[in-house]
Every structure is written in C-alpha cells, then in structure tokens.
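Below you'll find the structure, written out as structure tokens, and then a few comments.
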Amino acid sequence: MIALLWTDVLVWLLVIMLALWGRLAMRDALVRARWQQVFASPLATISAIILITYLKLALLDSIHLRMDDGQLRSLLDLIFYHLLDASERTYSAPFATHEFVKSVVQQDGQVLQVHLPLRHVQPGMVWWDLLLAAALASLVVWLTRRGVPDFFKNGIFARSPRGVFWGTAWGVWFVLIALWLLSHHYHVFGTDKVGNDVLYQAIKSIRTGVLIGTLTTLLMLPLAIGLGVAAGYFKGWVDDIIQYLYTTLNSIPGVLLIAAAVLVMQGMLETHPDWFGSVAERADLRLLFLTLILGLTSWTGLCRLLRAETLKLSAVEYVTAARALGAGHGRILLRHIVPNLMHLVLISIVLDFSGLVLAEAVLTYVGVGVDPTMNSWGNMINAARLEMAREPMVWWTLAAAFVFMSLVVLAANLLSDRIQQVFNPRNA
Amino acid sequence: MLKYLIRRLLYAIPILIGVNLITFALFFMVNTPDDMARIHLGAKQTTPEMIAAWKQAHGYDKPLFFNGNAEGLDTLTDTLFFQQSVRLFTFDFGLSDSGRDIGADIQQRMWPSLALALPTFLLGLWVNITLALVAVLFRYSRVDKTALVAAVLLMSISGLFYIIGGQVLFSKVLHWVPISGYQPGADAWRFLILPVLIGVFAGLGAGLRWYRTLFLEEVNKDYVRTARAKGLSEWRTLSRHVLRNGLLPILTGVVVVIPTLFMGSLVMESFFGIPGLGSYTIEAIQGQDFAIVKAMVFLGAVLYIAGLILTDIAYAWADPRVRFK
C-alpha cells in the first residue's frame, strides 16, 4: 500500500513542476545555450551530477509504503532493509568486528572484560565488494551510454566534457553500489550509542536536507513572486505597503523569528494530536511546518530582487506596446513580465539551497529544527557533540554527517557560482 | 542632516510597531493567555478562578486589540497589545516567565556577548580585507585561484564542524585553552581566544570572496590606472587607493552589523558556555520562555534599525557626494 506523506506530495510536485518548466524553457534556443554554457565547465558538471544523485536518493526516500506491521517504509528503506535489523548493542567503529567498549562476561567461572564480537559483520569481503562494485558501475555506465546514444545532442549537458561526465557518473555509481555491498558485511560508518547503523542514518538524512533546501524555496515562491511583481508593476501605495512589510520582517533577527514561529508551531502540534497518526507522520508534519516557516521568513530577499527587475521590465518597449494594444494587467503580467523573471527564480532556488541545508543543522542544534526522532545531519551533529567528549572519542557519527553534508553543500555552492558567472556577466 | 535624521527615526516607529504586531500575533493568537496561565500554574488542577487570578495579576485580562467596554481613546489604549507595546518601547521588558527581571539580565549578559562578538568582528574584518587584497594583488593567477577554491571549501563546511573540531583539537587534545566556561575580568581572554579564532575562521570563506569582488570592481577604474601610470607599486596602489575607495561599499555592509553585535552569537556562546545574550536566548527558546524571546526579538529589531540609520550617517560622512533630501 502506498502511503504518501505531506512532504512526499510536495517534493514530487516540485519535481514535476521543475521538469515541465525545464521543458518549456529549453525550447528557447537562447536559454538552452546559456545552460549548455553553464555545464561546459567540468566542475559544474560534476556538481550537477552529485546534486542530482542526492535529489534522486531523496525522491526514492519520498515514496512511502505502509507495511503489513503498520510501519511506514520508503523505497530507500527497502533497498537498505538489511540495515534496519542489523542493530548492534552499542558503539562500534567503522569496519570494526568487535564492539567499541568492553563488556563484563563470565567465562569458565572467571569474570573478564572483553570487546564482544559484533553480530552483523562478516569480515574479509572488502576487496571483493569493491571489485564487484567497480564492475557493476562500469556495466551501468556502459548500458546508459548504449541506451541513450544521442544523450549529449541537445540536452543541457551538450557541451560538458564527455570524459568528466561519464567519469563522474561511474564514480557516483561505484560509491553507491560499493556502500550498498559493503553495508551487508560491515558497519561502514560504525554504529551509534544504541547500536544503529550510522551509514543508514546519514543516507536517510539526505531526504531531510534536500527537502528543507528545496521545499522552502517552493513554498516561498508564490509570496516572493506575487508581492515582488505587484510592488514593481503597480508601484504607488501597493509598493509602499509591500516595502514596509519586508523591511519589518527583515528587521527581526532571522533565527529569532524562526525560533518564535517554531515554538508556536510546537504548541499547535501539542494541542492537535488528531492531525497525525504516528510518530513518523508527526515528524513529517513538523518538517512541513519548518519549511513553511523558513519560507515565510526568507521571501524578502527574492521579493526585493523581483521588484527591482519588474520595475525595469515594466518600462521596456514591448510592455509599453502591449499596453498600447489594449492588453490588460493580467495579460501583461503573465505573458510579458513573469516569464522574463523565471531565470532569477531558478538561480535563487540553487543559491538558497546550500544556505538552507546549513541552516537546518544550526536550527536543529538550537532546538527549533526538525523533530528529534527524524534522521537529519543536524541531529547527528547534535548527538556527536556528546560523543566527542567521551574517552576515547567516538568520532564516526560526526565524520559521516560531515562527509554527506559538506559534499552536497560544496556541490551546490560550486554550481551556483558557475550559474551566476554565466547568467550575470558582471561577475565574470 | 538633522531633519533627515529625525525623519529616519520617525520612520523607525511604524516598523517597530509592525515588529511588535508580528511577535504579538505569533504568541497570543495561538498561545492564548489562558494557555499561558495553565502552563504556569502547572497542568494539574487548574480552576477557571485560578486562571482568571493569574491573568489579572500578570495583566493578561484585557482584550487583545480593541476594548469595547472602554470609552474614547481608551478603546485602543486599554488593551493588551497597547499596554505591552508601550512597555517595550520604554525598554521595560518586565519579568520573565520564571520571574526574573529581563532588563537586568540583558544588561548583565550584554558584556560577555560584546567581549566575544567585538574581537571576532574586528579581527575578522582585518583578516578578510587583508587576504582579499592579497588575492586581488595576485588576481587571476594561481594564488588567487587557490584562494577562491579554498574559500568555497571553507564556506561549504557547517560552522558547527569548526566549533566541534576546534574544541577537540585545542582543548581536548592539546589542552591549550579551557573547553568552555567564562570568567569576567582580566582572565576572560583564556576563554575567549578559541571562540574568537573559530568565529574568524568560519567567516573567512564568505568574507574573502565578498571583499575580493568589491576590490575587483574598483581595480579596473580610471583612477587606479592613473595611480599605476605615475609609477606607484601595485601593493601601494591597492592599499592607498583601491582600499580607500572600496571602503564605501564596505561601510554599508559593516556598519549595519555593529549594533547587532550586542545580541551575541547563539551557537558560539552556547557551545563555549559564555553567559551572553546569545546563550540567554537559546536557553529561553529551549525553556519556551516567551517573555524573553519577545524581548530579544524587539531588542534585535531596534538594534538592526539603529544599524540602518548609522549606515546612512556613515555614508554621508565618508562620501561628501551623498546629500540628504
């Protein structure tokens, strides 16, 4: 049985919208040339492939099924199902075969302190796994190249360096397959305090990070576009009111506004237990509200940008001509102004992404982020804080969060740099 | 100038009223005075009389925005919103939910916050500008490109990692400084040096890129060419001419931040156990103390607006071409 959560629906909606809009935009030869220029850079190509991989994992994690025991499991859970019941008793280091802390056991009437062996580890398979992963990755890439021979012809990757593209694709497949294979025999990133696999947590955190990074922008777009365009197009008192609105919102320190709104939201969730059936649904609802709150507090920047651009556009000749021909406000806005703002909107989606992923960690640390039961990099860092104080240190939770989080943020930063460089020649 | 200043100050009033309206709406529309009373009296055994008594004692028994029972101006002034707002405007923050005087707390905690934020800010500014100038000096060369790549890398790592990593390295492994805590007076530097350095380091990536772009825009202007033509060395051109002219855009970005330094840094202070306003706010958020959060929101807005006004003044002072109308 498929059971979609609220955020599932929204993220799929976002993907469909982006795909449709991408199709429409790509018809314009000029726009297509711009994007092809973006991906002519090897770094941008690599970044894009990494980002798409994260997005795909998040999407896989956004189709939920209700299992026979009533639990919600996503497709990604099913792929990593072996990790769900591969729990150990407590901490274990990456690739370890024994527990990290000593336990007291009685053996032949003697009391001993030993590191107990882990239950779900089969050592000695590393090289075979890596070799198999390399072979499988090569097979997948070879099949893709055969399957879509004219892949580079007209798409956005038309000008990206072939070697870099296929090399990165191979690398990504290799890492994914290798992690999956290795996770059958080892705890690749160790286990946490109660023995849960850290790799699984880090992978599950991808959805949280990606959703916060993308849904927030989706939810703020109607506000930013509506108010920004209205202010720039109608001017006068409409402009005054909208400017007053965003100056006021801007003058409240961001974190405090978010914190205040989240506190209110928590109160609301506590008083309405009928809104959700299970812990997972409650966490999901909280994630949805968090993105909504982040959206409500972050539309001002884009709004200001769109207002300025609309001011410029509404004085352009073709708009004047349309007005002279008797076109109404609605027609001018929809046909002539909004379509010409879309590139700014898309750039802001990519630009905001990395900031939002980073913000999740800080907000969760402050206590106004995602639900403590939800897998997220913020929650992992939070847990790692105490682990680092242990003697000897438990470093792998922090390491896993660091690797998974920094990679996606770095990719997003590099890509948005390149996009800005291409779309805004002044920065070159 | 004076007239302009007065007008700017007057313009701040509707914004502050707006800020109040937002916080007020956030807290009271959902979290009604009845709920607050119930939370404070404890969930068990609250009678309507006890709630009414608590509301009267704390001034929450008035209507929210509009008092139908009163006459004349009192219909607007004898309300919760007006009473609470007026108190905030006179910086009377009242008592926190746990019964402490918020105003006194803020005054006391302001100084540790400033002791952390001010050195971080000044040192950061100096380091960022110097490195940006060096990058511009070697612009488009290998040095510059390496610096840019390093900056993107630094930016892509969450500040939390810098903090945790710094604490582990310098406190836990090397034992150079205490891991957290604070002591007022001359000994404070031992507790402050690590957070200050981490703060500067965490801001390095974004700062370097920002100032580099600023200086690059200046570097191709005519006066720079003239300076070079008269035989000044490249470094002298940069430090004497480009830096000075670049100061103007730097001012706009920098002055607005200065007043908000009082607010401290949420994450830094709580990680290092510094009893400033940042950790005060975090404790309030985690303890769901609405009175404190409300006071801090208002204070933050006031300081931000003060920063905007200061920016305008600094602009006029630095650039005589700017005239106020």
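Of all heavy-atom pairs between B:R209 and A:D417, the closest is NH1-OD2, 2.6 Å. Nearest approach of A:A259 to B:I285, heavy atoms of both residues: CB-CD1, 3.3 Å. The minimum heavy-atom distance between A:P253 and B:A301, with the atom names listed, is CD-N, 4.1 Å.
Here B:S156 contributes atom OG and A:L358 contributes atom CG; the two are 7.5 Å apart, rounded to the nearest 0.5 Å. Remark: A:S251 OG to B:I15 CD1 distance equals 6.0 Å, nearest 0.5 Å. The distance from atom CD1 of B:I305 to atom OG1 of A:T248, rounded to the nearest 0.5 Å, is 7.5 Å. Put simply, CD1 on B:I22 and CG on A:L257 are 6.5 Å apart, with the number rounded to the nearest 0.5 Å.
Within the 4.5 angstrom heavy-atom criterion, atoms from both the backbone and the side chain of A:V362 approach chain B. Contacts of B:I164 with chain A are made by side-chain atoms alone, with heavy-atom separations under 4.5 Å and no backbone atom involved. For B:T281, the part sitting under 4.5 Å from any heavy atom of chain A is the side chain, from C-beta outward, and nothing else. At a 4.5 Å heavy-atom cutoff, the contact between B:V168 and chain A is made by side-chain atoms alone. There is no contact between B:L16 and chain A, counting heavy-atom distances below 4.5 Å. Of the two parts of B:T260, neither the backbone nor the side chain holds a non-hydrogen atom closer than 4.5 Å to a non-hydrogen atom of chain A.
Between the B:K172 side chain and the A:M393 main chain, no donor and acceptor come within less than 3.5 Å of each other.
Taking chain A as the reference chain and counting heavy-atom pairs below 4.5 Å, the highest number among B:G159, B:G165, B:P14, B:G307 is found for B:P14. Put simply, of A:L245, A:N250, A:L249, A:L43, the one with the most heavy-atom pairs under 4.5 Å next to chain B is A:N250.
The ring pair (Phe, Tyr, Trp, His ring centres under 6.0 Å) test applied to A:F100 returns A:W396, not counting sequence neighbours.
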Are A:R385 and B:I163 close enough, and set up right, to give a side-chain contact (heavy atoms from CB on, under 4.5 Å), and what steps lead you there? CA-CA 10 Å; A:R385 239 193 113 195; B:I163 298 175; over 6 Å; no
Test A:V409 against B:M155 for side-chain contact (heavy atoms from CB on, under 4.5 Å), laying out the working first. CA-CA 9 Å; A:V409 175; B:M155 272 171 66; over 6 Å; no
Evaluation steps, side-chain contact (heavy atoms from CB on, under 4.5 Å), between A:I252 and B:Y304: CA-CA 8 Å; A:I252 303 177; B:Y304 176 78; over 6 Å; no
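Under the ring-ring contact (aromatic ring centres under 6.0 Å, His included) criterion, the residue pairs touching residues 356-383 of chain A are A:Y365-B:F271, with sequence neighbours excluded.
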